[in-house]
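All values derive from a computational prediction rather than experimental measurement. Every chain is numbered from 1 and lettered A, B, ... according to where its sequence line falls, protein lines coming before strand lines. Values reported hereafter were calculated over all heavy atoms of this structure, with side chains retained and with hydrogens, waters and symmetry mates removed.
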Number of protein chains: 2
Amino acid sequence: MTRLSVLAHALLGMLSTGEMTGYELTRAFDVSLANVWTASHSQIYPELAKLEAAGFIRHTESGPRGSKRYEATAAGRDELRRWLAEPPQPQAVRSEALLRVFFLWMVPPEESAGYLRRQAALHREKLAAYEALAQAIGDCADGPTRWSRISLESGIRYERAMAEWAEWSVARVAPPTASSG
Amino acid sequence: MTRLSVLAHALLGMLSTGEMTGYELTRAFDVSLANVWTASHSQIYPELAKLEAAGFIRHTESGPRGSKRYEATAAGRDELRRWLAEPPQPQAVRSEALLRVFFLWMVPPEESAGYLRRQAALHREKLAAYEALAQAIGDCADGPTRWSRISLESGIRYERAMAEWAEWSVARVAPPTASSG
DNA sequence: ACTGACATGTAACTTGTTACATGATTCG
DNA sequence: CGAATCATGTAACAAGTTACATGTCAGT
């Protein structure tokens, strides 16, 4: 194994938090990790096999329906810490939504304003969901939960900034007329 | 051709703005589009060939060094407009930087604070660059430029929100002591 | 018996990265 | 004539998506 993928480190991180099955990991990517990284089961199972072969995780018991519980080994946790200490390199941006904005001059103003309004609505929706979640988990200051709260805060600020941007853009494209104000 | 990729639409969009060679498109992804979408020449040249075969672009003259200038056909511009009108679907999130934050409980507080400070610095740097660029292009209200200014604004607000988030996180992890304040 | 959630895997395909490979033109 | 930039391509690989495929267990 030349070098571990980001997904591999995500799995390693989850399995350092506690024992989990592939199925539970799959659900985690749909729920707690959804704000941060996504992966499907078809990617997860082969990656778990690779990580086990490389000695970074091991599977302990076998559960009821042929399920396997995995946990990180000492080598796995070391690799995770090494990865966490790597210098951050600026990441390539790829936003389909923003790319569309770049080419909105192609369509009439009503249509581009509509696009931006839909974007604003989507961001407002996500913002509300994140804020409700933050309210629900409260001001936790302990272990892993603390850090998931900090990640969530990033999502909150991101969605708020993007909602405000979309609303600002609408105003710039279709300024409120005297009659409408 | 089953369905066009996002990259294909990016190329179609650029070639609706004006004639360009593959080389010029490659540079555009490094400069004006860098905030929005990235692609390397090894992806661009084959994609141009596919778009031409599908009749969405055509190449006009051949330049000095075997260069080919492409432009969008009417069918290409129609396809671009169709794509712009597609209902936006929420996109999968994948942020390696944020994933690391999720697992920062693994390392000592000094190290996690250091990580967040580096993140803050990177975002502040990008923010400054974007703001300088915004200052340089000014308050343009015409055609494509107007929309690139709007895209840039998204980058500015994003970097600012993320810088502020990182700084907030540092304070949460390593609160200023009475002696340091 | 049937439905739904649990549970794991593989195959085919698309997208994106890194490295390889070549040649033309311009400037100093 | 040498280096930088212009200019276009291919090949091998890594990462991610969608669809296919199978079987278990709990509840009704």
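One atom, CZ of A/F29, and another, P of D/dT17, lie 11 Å apart when rounded to the nearest Å. Distance CD (A/Q43) to C1' (C/dT15): 12 Å, rounded to an integer number of Å. One interatomic measurement links the two molecules: CD of A/E24 to P of C/dA7, which rounds to 7 Å at whole-angstrom precision. Residue A/I44 contributes atom CD1, which lies 13 Å from atom C1' of D/dT17 at whole-angstrom precision. A/L7 places its CG atom 10 Å from the C1' atom of D/dG16, with the value rounded to the nearest Å. In this structure, A/Y45 places its OH atom 17 Å from P of C/dA11, rounding to the nearest Å. Atoms CD (A/E47) and C1' (D/dA14) sit 10 Å apart, rounded to a whole Å. Rounded to whole Å, the distance from CG on B/D30 to C1' on D/dT5 is 14 Å.
Between B/Y23 and D/dC6 there is a side-chain N or O to OP1 or OP2 distance below 4.0 Å.
Between B/H41 and A/A39, the residue anchored closer to the 5' end of DNA chain D is B/H41, taking for each the nucleotide with the nearest heavy atom.
Counting any heavy atom pair closer than 4.0 Å across all strands shown, B/S5 reaches sugar-phosphate atoms only and no base atom. Within the 4.0 angstrom heavy-atom criterion, only backbone atoms of the sugar-phosphate kind lie near B/R27; the bases stay farther away. Within the 4.0 angstrom heavy-atom criterion, only backbone atoms of the sugar-phosphate kind lie near B/R94; the bases stay farther away.
Both B/V36 and A/W168 belong to a single network of hydrophobic side chains, linked directly or stepwise wherever heavy atoms of I, L, V, M, F, W or Y lie under 4.5 Å apart.
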So which protein N/O to nucleotides 23-26 of chain D N/O distances come out below 3.5 Å?
from   : atom 1 : to    : atom 2 : distance (Å)
D/dC25 : OP1    : A/P64 : O      : 3.0

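Between B/E164 and B/R160 no salt bridge is recorded (no basic side-chain N to carboxylate O distance below 4.0 Å). Using a cutoff of 4.0 Å between basic side-chain nitrogens and carboxylate oxygens, B/E24 and B/R69 are scored as salt-bridged. Remark: A/R27 does not engage A/D30 in a salt bridge, criterion side-chain N to carboxylate O under 4.0 Å. Between B/R3 and B/E86 there is a salt bridge, since a side-chain N of the basic residue sits under 4.0 Å from a carboxylate O of the acidic one. Taking 4.0 Å as the cut-off between side-chain N and carboxylate O, A/E52 and A/R58 do not count as a salt-bridged pair. Taking a cutoff of 4.0 Å between a charged side-chain nitrogen and a carboxylate oxygen, A/R81 and B/E111 do not qualify as a salt bridge.
You'll find a donor-acceptor pair under 3.5 Å spanning the side chain of A/S42 and the base of D/dT18, going by distance alone. Side chain A/S67 to base C/dT8: no donor-acceptor pair is found below 3.5 Å.
The two residues B/A161 and A/A161 make their nearest non-hydrogen contact at CB-CB, 3.7 Å. Minimum heavy-atom separation, A/W105 to B/G13: CZ2-O, 4.5 Å.
Below 30°, between 30° and 60°, or above 60°: for A/H123 and A/Y158 the angle between ring planes is above 60°, a perpendicular geometry.
DNA chain C is contacted by no residue of residues 76-91 of chain B, taking any non-hydrogen atom closer than 4.0 Å.
Of the candidates C/dT18, C/dT8, C/dG9, C/dT18 carries the atom nearest the B/S40 side chain, counting heavy atoms from C-beta on.
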